[in-house]
Amino acid sequence: MNDRHVVAESAAAVAVPEAVSALDGTGRSPSRRGAALGPVALVVAGGLSVQFGAAVAVLLMPKAGALGVVTLRLAAAAVVMLVVCRPKLRGHSRADWGTVVAFGIAMGGMNTLFYQAADRIPLGAAVTLEVLGPLVLSVVASRRLINLVWAALALCGVVLLSGGGFDRLDPVGVAYALGAGVMWAVYILFSARTGRRFPQADGLALAMVVAAALSLPLGIMESGSKLVVPSTLGLGIAVALLSSVLPYTLELMALRRLPAPTFAVLMSLEPAIAATAGFLVLDQALSTTDALAIALVIGASMGAVRSQTRGPRKR
């Protein structure tokens with residue numbers, strides 16, 4: 001509990017300098033408002049990328065298997081991140097390396113559990129269950145009552161998007177999705193800590209290597225030589241770019257400028273994005289109930305952003 005409060009306070013404390021310097025003592029300025037909304041745009045863009053990447057991954061599963069897709073995604077993402085970031089291996093403390101390893105374990109666990117769930121239950125339902133982890137984190141970490149209201153509204157949308165219950169779903173898939181939600185919450189915490197300990201995306205690149213190393217044996221055991229088929233490899237690289245490299249980088253940047261509770265509530269947009277991706281890529285039609293659920297989670301996210309931008313101005 002205390003650690004979560006520390007994360008929320010630390011995330012708020014590392015707001016971008018230009019957002020602070022934009023204050024003139026009499027009120028807000030357009031540049032300050034833009035700085036406050038900037039990380040929100042990063043989170044939304046990351047959500048779009050990861051969910052459309054997940055839809056492509058579902059199409060790839062018949063060829064490579066769920067564990068094979070995870071291996072392709074993480075291994076390709078690790079290679080890209082190492083080439084682009086070229087992280088320094090020297091000059092880091094034992095605590096820094098411990099944070100990176102924990103971040104990598106959370107990342108690998110989140111991906112492995114989620115794709116196991118997506119292999120058994122619909123994509124929208126899997127993301128709906130997974131997002132419960134960040135929602136719980138937002139409630140626990142928040143120190144403002146209004147964030148509890150937005151989290152509750154988002155949770156109503158999540159439940160509505162599920163069709164009012166999960167009894168019709170494969171219980172093993174449900175368990176995997178809930179486990180992925182727990183790992184997602186852990187990922188948020190260690191992503192914030194990694195962003196404070198390592199410059200730019202160095203920590204993310206190193207954590208990606210840890211996640212890839214953990215998933216590699218599992219992917220080889222399940223898929224073997226299927227992983228190196230050119231068409232499968234090409235799609236795996238596309239999934240890596242959409243679902244790992246781009247969204248993780250955007251979220252890491254956002255967490256340096258956005259309090260952890262608000263970030264977690266914004267993650268409630270993921271079921272709506274997943275439903276849209278499922279409709280466009282996987283031909284999964286949206287019902288009226290689904291549309292209402294999307295409206296609820298978007299309304300909750302807008303409320304969270306509004307309370308976040310108003311809070312500092314009042315103080």
Side-chain angles (χ1 to χ4, degrees), residues 11 16 37-61 64 69-87 100 103-104 106-112 114-115 118 123 126-127 130-131 134 180 183-184 187-188 190-192 194-195 198-212 215 232-258 260 262-264 266-278 280-282 301:
V16 284
L37 294 178
V40 174
L42 293 176
V43 175
V44 174
L48 288 169
S49 182
V50 74
Q51 295 307 331
F52 276 88
V56 175
V58 172
L59 296 176
L60 182 58
M61 284 181 187
V69 171
V70 174
T71 297
L72 288 173
R73 169 182 170 175
L74 293 177
V79 171
V80 172
M81 293 297 293
L82 287 176
V83 171
V84 173
C85 298
R86 297 181 181 180
V100 161
F103 186 25
M107 190 185 303
M110 178 179 66
N111 281 278
T112 300
F114 174 76
Y115 281 121
L123 180 61
V127 178
E130 186 190 25
V131 82
M183 297 306 296
W184 194 357
Y187 158 80
I188 291 173
F190 281 100
S191 178
T194 301
F198 289 84
Q200 300 178 358
D202 286 11
L204 174 62
L206 295 172
M208 195 78 72
V209 173
V210 174
S215 68
T232 301
L233 189 60
L235 284 175
I237 294 174
V239 171
L241 293 174
L242 287 172
S243 296
S244 292
V245 177
L246 182 59
Y248 288 163
T249 302
L250 293 175
E251 290 171 5
L252 190 64
M253 292 168 59
L255 274 167
R256 287 188 175 128
R257 304 165 58 186
L258 196 67
T262 303
F263 176 86
L266 282 171
M267 291 294 97
S268 63
L269 276 171
E270 297 289 344
I273 299 173
T276 303
L280 295 176
V281 180
L282 303 175
S301 298

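In this text the structure is predicted, and so the values were computed from the model without any measurement.
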Over all heavy atoms of both residues, which pair between [X] and [Y] is shortest? Give the atoms and the distance, please.
X: Ala205; Y: Pro87; result: CB-CG, 4.1 Å
X: Ala57; Y: Val69; result: CB-CG1, 3.7 Å
X: Ser215; Y: Thr71; result: O-OG1, 2.9 Å
X: Val58; Y: Ala118; result: CG2-CB, 4.4 Å

Legend entry - Set of residues satisfying ring pair (Phe, Tyr, Trp, His ring centres under 6.0 Å) with respect to Phe114, sequence neighbours excluded: none

Inset, instruction - Taking Ser49 for its side chain and Ala45 for its backbone only, find out whether a donor-acceptor pair lies under 3.5 Å. - result: no

Legend entry - Qualifying residue, where the test is side-chain contact (heavy atoms from CB on, under 4.5 Å) with Met107 and the options are Val210, Thr112, Leu204: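 Filter result, single survivor: Leu204.
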
Legend entry - Tyr115 side chain reached by Met61 side chain, heavy atoms, under 4.5 Å: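 Yes; the side chains approach each other to less than 4.5 Å.
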
Inset, instruction - First locate atom CD of Glu130, then atom CH2 of Trp184, and finally report the distance between them rounded to the nearest 0.5 Å. - result: 5.0 Å

Under 3.5 Å, which donor-acceptor pairs do the side chains of residues 74-81 form with other protein atoms, sequence neighbours left out?
none

Pairs of donor and acceptor atoms involving the side chains of residues 232-243, under 3.5 Å and at least two apart or interchain, shall be tabulated with distances.
{"residue": "Ser243", "atom": "OG", "partner": "Val50", "partner atom": "O", "Å": "3.4"}
{"residue": "Ser243", "atom": "OG", "partner": "Ala54", "partner atom": "N", "Å": "3.4"}
{"residue": "Ser243", "atom": "OG", "partner": "Val239", "partner atom": "O", "Å": "3.4"}

